[in-house]
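Below is one structure, written out as structure tokens, with a few remarks after it.
Every chain is numbered from 1 and lettered A, B, ... according to where its sequence line falls, protein lines coming before strand lines.
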Amino acid sequence: MSREEAERLFARNPYKLRYIRDIPPGETVSYYETGTWSDLCRGPHVPDTGWLAGVHLLGFSAITPEGREGTAPLQRIRGVGFPTEAALKEYLRLRAEAEARDHRALGQKLELFTFFDESPGFPALLPNGVIVLRELERFVREHLAEAGYAEVRTPLLWAQSVYETSGHWAHYQENMFLTVVDDRTFGWKPMNCPGSMLIFRARARSYRELPLRYAEFAPLHRKEASGTLHGLTRVREFVQDDAHLFVTEEQIEPEIRHLLDWIARAFSTFRLRWSYELSTRPADFLGEREVWDRAEATLERILKASGIDYRISPGEGAFYGPKIDIHIRDSLGRPWQTGTIQLDYQMPLRFGLQYQGPDGQLHTPVVVHRVILGSFERFLGVLLEHTGGRLPPWLAPIQARVLPVTETHMPAARGLLDELRQDGLRVQLTGTEESLSKRVRLAEVERVPYLLVLGDKEVAGETVALRTRGSREAVVLTRPELRARLAERIRMRAFEP
RNA sequence: GCCACUGUAGCUCAGCGGCAGAGCGGCUGAUUCGUAAUCAGCAGGUCGGGGGUUCAAAUCCCUCCAGUGGCUCCA
């Protein structure tokens with residue numbers, strides 16, 4: 001139907017008129033009729049609702065029309081329809097399965113983390129959760145060492161003036177926690193960048209120091225709106241595998257290409273699927289349009305040169321620069337941003353950063369802000385959903401459990417426990433008060449990657465029966481074989497036990 | 001923050017104006033067991049907090065807090 005016709009038909013509906021206006025000039029304005037029902041819609045529609053045998057309502061919620069708060073909310077009712085009841089049942093089964101992988105439920109069952117009503121949005125990490133986060137940090141730090149980073153630690157609170165310089169005061173204040181000390185206003189840092197800028201500026205810098213790479217794993221605080229909080233994936237306090245690279249114009253491309261390589265390597269280790277987005281200049285931006293255009297073009301050129309498929313997210317850049325964002329999805333398919341590479345010409349200028357070049361002149365460096373896994377908390381949340389809590393052995397809080405069949409096998413079990421502890425494994429020994437079947441079941445429920453059973457046969461033959469997570473069969477190995485095998489799987493950061 | 005919904009034992013949930021329950025977990029005892037739950041007993045609760053209606057409130061109403069699903073926003 002023509003645009004004019006549509007506008008006439010929906011003349012009394014301001015929302016529909018707005019949709020019609022938003023349809024780009026070249027595209028067709030489509031309109032559907034199903035029985036007595038008619039509507040403006042991008043479509044397609046089923047020709048007849050009789051085609052839908054299995055119908056299920058998923059829920060309803062308010063949506064804010066025109067993307068503005070304060071406007072009258074509309075109610076959205078969401079549901080799904082399938083040609084057959086069986087297809088609907090299958091869909092609901094898959095959905096229930098996905099819900100069972102919810103990281104919030106797994107976090108509680110596996111005693112990884114918890115939340116207190118008295119501190120909404122601030123995760124409390126239990127002993128098991130700390131083990132996993134420490135291993136993730138170790139994984140990242142190994143790379144930092146290889147790639148020539150230095151690690152810094154800067155203050156959690158900065159005076160207002162620092163944020164005025166960085167631009168956060170004008171562009172990010174509503175997301176910040178503020179504290180008044182001795183009549184001065186301090187802000188809890190929402191990002192690490194100001195601290196790194198100040199360290200760079202703390203003394204004279206030479207071009208010989210560049211690229212200068214400062215990593216920082218400090219807790220960040222962001223006052224997220226209460227309704228947006230979500231388990232570990234959206235919190236008010238978190239730690240990122242953050243770093244700031246101070247580079248010359250020529251060093252931008254090799255540095256970013258190296259980062260893209262590392263992203264692929266890092267995410268492959270977890271068998272995650274990820275996607276790239278190029279986020280461009282937002283409405284609320286710092287600096288000159290030309291500088292932004294150049295920065296966006298640089299990122300786009302590097303993406304193309306690296307043969308990477310990406311989507312463009314117009315206006316989604318940070319207030320100080322465009323960025324390449326990495327997204328991964330949770331068990332219900334909701335996308336979460338993890339890694340990001342941001343090209344920043346603004347903060348170096350605003351902080352007055354300079355280095356002396358080979359020409360003897362002072363130059364302003366460019367800063368690349370980058371995180372790979374993003375927030376460790378969010379990453380753990382998505383990883384739990386991705387694995388259903390079956391973390392790779394190198395991340396598992398309990399890597400192995402020794403199960404003596406009866407009390408008489410206890411001495412041998414203790415010996416094995418000691419040996420594996422010597423090897424650096426996180427290993428436990430169960431008592432024999434519970435039946436072996438029950439202990440095997442518990443270990444599966446707790447997602448322990450390796451079960452080591454010792455009975456008469458094993459003790460006599462100085463062997464161990466190894467049952468790996470998810471397998472119903474046991475393999476008999478000698479102790480040296482077992483130790484070598486476990487150590488190797490963990491050392492290589494194998495995804496499966 | 002906005003709209004809707006939900007908060008009962010450590011966990012999962014039943015009860016929905018008339019005596020606060022189950023399973024799992026915990027504790028105690030018995031059982032010593034060969035790869036996904038051995039048996040028995042016991043303990044455990046200001047029914048999220050506060051206020052109201054009622055002879056009587058876990059149950060009805062108001063309010064605050066927290067959570068869930070979306071929306072807006074974002075690592």
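Between the C1' atom of C74(B) and the CE atom of M191(A) lies a distance of 10 Å, rounded to the nearest Å. In this structure, E446(A) places its CD atom 13 Å from C1' of A37(B), rounding to the nearest Å. Between the C1' atom of C74(B) and the CD1 atom of I328(A) lies a distance of 15 Å, rounded to the nearest Å. Taking atom CZ of residue F379(A) and atom P of nucleotide C74(B), one finds them 23 Å apart after rounding to whole Å. Whole-Å rounding puts the R378(A) CZ to A75(B) C1' distance at 4 Å. One can place NZ of K109(A) at 14 Å from C1' of G25(B), the figure rounded to the nearest angstrom. Per the geometry, CD belonging to E174(A) stands 11 Å off C1' belonging to C74(B), to the nearest Å. As a whole-Å value, the separation of D102(A) CG from G67(B) C1' is 12 Å.
Between U28(B) and A43(B), the distance separating the two P atoms is 15 Å to the nearest Å. Nucleotides U31(B) and G17(B) have their P atoms positioned 50 Å apart, rounded to a whole Å. A14(B) and C74(B) are spaced 38 Å apart, taking the P atom of each and rounding to whole Å. A40(B) sits 13 Å from G25(B) when the P atoms are compared, rounded to a whole Å. Distance check on atom P: C64(B) versus C2(B) gives 10 Å, rounded to whole Å. C5(B) and A75(B) are spaced 32 Å apart, taking the P atom of each and rounding to whole Å. The gap from the C1' atom of A66(B) to that of G49(B) amounts to 11 Å, rounded to the nearest Å. C65(B) and C73(B) are spaced 24 Å apart, taking the P atom of each and rounding to whole Å.
Not a single donor-acceptor pair, N or O on each side, falls under 3.5 Å between the base of A37(B) and the side chain of E444(A).
For the segment residues 133-144 of chain A, the set of residues with a heavy atom within less than 4.0 Å of an atom of RNA chain B is empty.
Residue contacts for E224(A): at a heavy-atom cut-off of 4.0 Å it reaches a base atom on one of the strands shown. Note on K223(A): nothing from the nucleic acid sits closer than 4.0 angstrom, heavy atoms only. Using a 4.0 Å heavy-atom cutoff across all strands shown, L229(A) reaches sugar-phosphate atoms only and no base atom.
Residues in residues 386-402 of chain A take part in these side chain to side chain donor-acceptor pair (under 3.5 Å) pairs, two or more places apart or across chains: R401(A)-Q428(A), R401(A)-E446(A). Judged as a salt bridge (charged side-chain N to carboxylate O under 4.0 Å, His left out), not a single pair has a partner in residues 450-460 of chain A (not counting sequence neighbours).
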Salt bridge (charged side-chain N to carboxylate O under 4.0 Å, His left out) evaluation trace for E224(A) with R234(A): CA-CA 8 Å; E224(A) 302 290 352; R234(A) 189 76 180 271; 2.8 Å; yes
Derivation and outcome, salt bridge (charged side-chain N to carboxylate O under 4.0 Å, His left out), residues E385(A) and R101(A): CA-CA 5 Å; E385(A) 305 205 351; R101(A) 293 204 310 271; over 6 Å; no
Candidate pair R93(A) and E97(A), rule salt bridge (charged side-chain N to carboxylate O under 4.0 Å, His left out), full reasoning: CA-CA 6 Å; R93(A) 191 186 62 78; E97(A) 219 169 70; 3.0 Å; yes
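Using the Watson-Crick or G-U wobble rule with both distances under 3.5 Å, G45(B) pairs with nothing in any strand shown. Under the Watson-Crick and G-U wobble criteria, each requiring two contacts below 3.5 Å, nucleotide G23(B) is paired to C11(B).
Of the options E151(A), E135(A), E216(A), a salt bridge (Lys or Arg N to Asp or Glu O under 4.0 Å) to R141(A) is made by E151(A) and by none of the others.
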Name the pairs: protein N/O against N/O of nucleotides 64-66 of chain B, kept only if under 3.5 Å.
residue, atom, partner, partner atom, Å
A66(B), O2', D117(A), OD1, 2.8

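In this structure, F139(A) and W262(A) have tilted ring planes: the angle between them lies in the 30° to 60° band. In this pair, F82(A) and Y91(A) present their aromatic rings tilted. The plane angle is within the 30 to 60° band.
Regarding contacts with the backbone of C74(B), every side-chain N or O of K323(A) stays at 4.0 angstrom or more from both OP1 and OP2. Look at R469(A) and you won't find any side-chain N or O under 4.0 angstrom from OP1 or OP2 of A36(B).
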Reading 5' to 3' through nucleotides 29-34 of chain B, protein heavy-atom contacts under 4.0 Å coded B for base, S for sugar-phosphate only, - for none: ---BBB
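Proximity of D241(A) to L144(A): side-chain heavy atoms (C-beta onward) are nowhere separated by under 4.5 Å.
Legend: residues meeting side-chain hydrogen bond (donor to acceptor under 3.5 Å, both in side chains) with N128(A), ordered by chain and number and at least two apart, are absent.
If W336(A) and G227(A) are placed on RNA chain B by their nearest nucleotide, the residue sitting closer to the 5' end is G227(A).
Between F238(A) and A75(B), a base-stacking contact is recorded: ring centres under 5.5 Å apart, planes less than 30° from parallel.
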